[in-house]
Number of protein chains: 2
Amino acid sequence: MISFTEENYLKSVFHLSNVSSEVSVKDVSADLGIKMPTVTSMMKKLAAKGLVEYQSYKPVKLTPRGQTEAALVIRKHRLTEMFLVEHMGFGWEEVHEIAEQIEHVKAPALFNRMDEIMGHPKVDPHGSPIPDRHGKIMSRKLRKLSELSEGDTFTIEAVTNSEDDFLNYLNQRDLSLGTVLQVVFIEPFDFSITVRYKDKETILSKTVSDRLLGE
Amino acid sequence: MISFTEENYLKSVFHLSNVSSEVSVKDVSADLGIKMPTVTSMMKKLAAKGLVEYQSYKPVKLTPRGQTEAALVIRKHRLTEMFLVEHMGFGWEEVHEIAEQIEHVKAPALFNRMDEIMGHPKVDPHGSPIPDRHGKIMSRKLRKLSELSEGDTFTIEAVTNSEDDFLNYLNQRDLSLGTVLQVVFIEPFDFSITVRYKDKETILSKTVSDRLLGE
DNA sequence: ATAAAAACTTAGACATATCTAACAAAAATA
DNA sequence: TATTTTTGTTAGATATGTCTAAGTTTTTAT
Ligand SMILES: [Mn+2]
Ligand SMILES: [Mn+2]
Ligand SMILES: [Mn+2]
Ligand SMILES: [Mn+2]
């Protein structure tokens, strides 16, 4: 049995693995807001359970089983988010915190039912892929808005961050998944991008354009 | 902040208070499957938090605040059960275990949304009343089927027990909330009751007739 | 190559929630 | 009333998950 707490560590290592190739104790510590000694001891525990590979002073890595278990928690998280948006009328900025709690519920039937009711959605409200029942994830290689050049066209397909502050910022500017943007101008000084969409023109900072994925 | 565990103790004391007038440490111990010394120490903790009245060797009692908090957890439980049945297609025998977990989610918006979507239901799938946002519970005085006499008519309005075994037993016999029964015969030896309903005639044991409430 | 800084681990403490063993009080029975 | 049984408490142990303080190892900078 994997505890609530252990599930959160697995998810953290999983997410960090998709950001950089090596995941350090420090990274996990920062990500979860838990001190390094605690992370070290949890890594030993997860290693003993066969969920992570751990050697002192080395980066940590999920074992295949650890990856599957992490993906299954993420599946529960994303199905929940999608269900809250699609069937309960929540905004995409409201669902992450609720899903953080419901993802730990041990009731496969609940999540399989959500999946069925929604017709097996491929992505969550933030454009992140939903792993299947076996923990397999479809990977799409999307580009960041910040990587484009002047004159390019871009469709928002995902956001890399689900904090409500950021999503409310996007809501205020009427930016959502599916919005098509034209890159009008890139400021060489701070890389802020002027974009045109839906008869509007706005300047987005690099912080924002780094968090928007699409093609 | 009331922990997951504390919430379960409050719920237990609350439920037991509605069964008998006095709630003992033993009762809570039996109800939660937790040893008596553990219950004693939790009662002290809850007393320190102002949620129960506790004195050594005396029955335990919820304070008004303890009652409200218990009722709010029960509200979350029952709204969840109702939502699972009404909006996710689960049977009344499947929802209790899932609700036992979701009732601990800290997200008032989630439960208020369920409540809204369902149009503020008064009872859960087992006929138990759903407390309002302030923890107030409508009380209906229903009779047990076991209290009736031969020739009486009875409409099932609630069950006192949500174990899947019991509910599957009722499902098999096509007994559900709203079913109208005629009491045909009461066996004086073991108080089993012969009932007629929907062109059927069945014998229900005292164990069963004690768990069916109605009027 | 050495010193300094950063990352990591070990050791030990603490909070929560549980248990068993032993004892004490209250209730039931003789 | 005296004894036995039941119920409840105290004391101390254990498991999980967290922390701080103090060292180690590795990496970076001088
Ligand atoms: Mn999320
Ligand atoms: Mn979580
Ligand atoms: Mn998401
Ligand atoms: Mn229930």
Side-chain angles (χ1 to χ4, degrees), chain A residues 1-14 16-17 19-62 66 69-70 73 100-101 103-106, chain B residues 1-14 16-17 19-62 66 69-70 73 100-101 103-106:
Chain A
M1 192 72 310
I2 300 175
S3 73
F4 181 105
T5 307
E6 289 166 343
E7 285 186 341
N8 283 336
Y9 281 89
L10 291 177
K11 254 201 329 170
S12 176
V13 176
F14 187 97
L16 292 166
S17 303
V19 174
S20 63
S21 55
E22 300 208 326
V23 179
S24 66
V25 167
K26 181 128 197 275
D27 293 336
V28 177
S29 169
D31 185 49
L32 294 178
I34 280 173
K35 293 297 192 297
M36 285 201 294
T38 308
V39 173
T40 296
S41 66
M42 183 56 81
M43 288 307 124
K44 288 177 178 173
K45 192 183 179 190
L46 293 175
K49 286 196 174 189
L51 297 166
V52 307
E53 281 172 46
Y54 171 77
Q55 289 174 281
S56 288
Y57 302 103
K58 295 271 176 62
V60 297
K61 238 188 79 182
L62 292 175
E69 295 295 346
V73 178
E100 278 295 312
Q101 297 181 66
E103 72 189 5
H104 301 293
V105 168
K106 263 72 177 178
Chain B
M1 188 74 307
I2 299 176
S3 74
F4 182 104
T5 305
E6 290 166 343
E7 286 185 341
N8 283 336
Y9 281 89
L10 291 177
K11 253 199 333 165
S12 176
V13 176
F14 188 96
L16 292 167
S17 303
V19 174
S20 64
S21 56
E22 300 207 327
V23 179
S24 66
V25 167
K26 179 124 198 279
D27 294 337
V28 177
S29 169
D31 185 49
L32 293 178
I34 280 172
K35 295 296 192 298
M36 286 201 295
T38 309
V39 173
T40 297
S41 67
M42 183 56 81
M43 289 307 124
K44 289 178 179 172
K45 193 182 177 193
L46 292 175
K49 285 195 176 190
L51 297 166
V52 308
E53 282 172 46
Y54 170 77
Q55 290 174 282
S56 289
Y57 301 104
K58 294 270 175 63
V60 297
K61 238 188 80 181
L62 293 175
E69 296 295 346
V73 178
E100 278 297 315
Q101 297 180 67
E103 71 188 2
H104 301 292
V105 168
K106 264 74 178 177

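Small disclaimer: the values here were computed from a predicted structure and weren't measured. Throughout, protein chains are lettered first and strands after them, A, B, ... in sequence-line order, and every chain is numbered starting at 1.
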Side-chain polar contacts of residues 51-60 of chain A - donor-acceptor pairs under 3.5 angstrom, sequence neighbours left out - could you list them?
none

#### Entry: Integer-rounded Å distance: D:dT18 P and A:Lys35 NZ
12 Å
### Message
So, does A:Tyr54 get its side chain near the phosphate of C:dC8, meaning an N or O under 4.0 Å from OP1 or OP2?
### Response
no
### Task
For A:Lys58, answer base if it contacts any base atom (sugar-phosphate contacts may also be present), sugar-phosphate if it contacts only those atoms, and nothing otherwise; contact means non-hydrogen atoms under 4.0 Å.
nothing
### Under-4.0 Å salt bridge between B:Lys106 and B:Glu7
yes
### Message
One thing to verify: whether A:Lys61 and A:Glu22 come together as a salt bridge, which I'm taking to mean a side-chain N less than 4.0 angstrom from a carboxylate O.
### Response
no
#### Entry: A:Leu32 CG to D:dC19 P, straight-line distance once rounded to whole Å
10 Å
### Task
Check whether any side-chain N or O of A:Thr40 sits under 4.0 Å from OP1 or OP2 of C:dC8, and answer yes or no.
no
### Message
Without decimals, in angstroms, what is the distance between A:Met36 CE and D:dC19 P?
### Response
12 Å
#### Entry: Euclidean distance, atom OH of residue B:Tyr9 to atom P of C:dT16 [Å, nearest integer]
14 Å
### Message
Does a side-chain N or O of A:Tyr57 approach OP1 or OP2 of C:dA6 to a distance below 4.0 Å, or not?
### Response
no
### Message
Base, sugar-phosphate or nothing for A:Ser41? Non-hydrogen atoms, less than 4.0 Å.
### Response
base
### Query
With a 4.0 Å cut-off on heavy atoms, is A:Thr5 in touch with a base, just the backbone sugar-phosphate, or nothing at all?
sugar-phosphate
### Query
Contact class for B:Phe4 vs. all strands (heavy atom < 4.0 Å): base, sugar-phosphate, or nothing?
nothing
### Message
Whole angstroms only, please: what is the CD-C1' distance between B:Glu6 and C:dT16?
### Response
9 Å
### First of A:Ile34 and A:Ser56 reached from the 5' end of DNA chain D, by closest nucleotide
A:Ile34
### Query
Between A:Lys26 (NZ) and D:dT25 (C1'), how many Å, whole number?
16 Å
#### Entry: Exam field: side chain A:Ser12 to backbone A:Leu32, donor-acceptor pair closer than 3.5 Å
no
### Query
Rounding to a whole Å, what distance do you find between B:Gln55:CD and D:dG8:C1'?
14 Å
### Query
At their closest point, which heavy atom of A:Met36 faces which heavy atom of A:Lys26, and how far apart are they?
SD-CA, 3.9 Å
### Query
Can you check the B:Lys44 NZ to D:dG8 P distance for me, whole Å?
13 Å
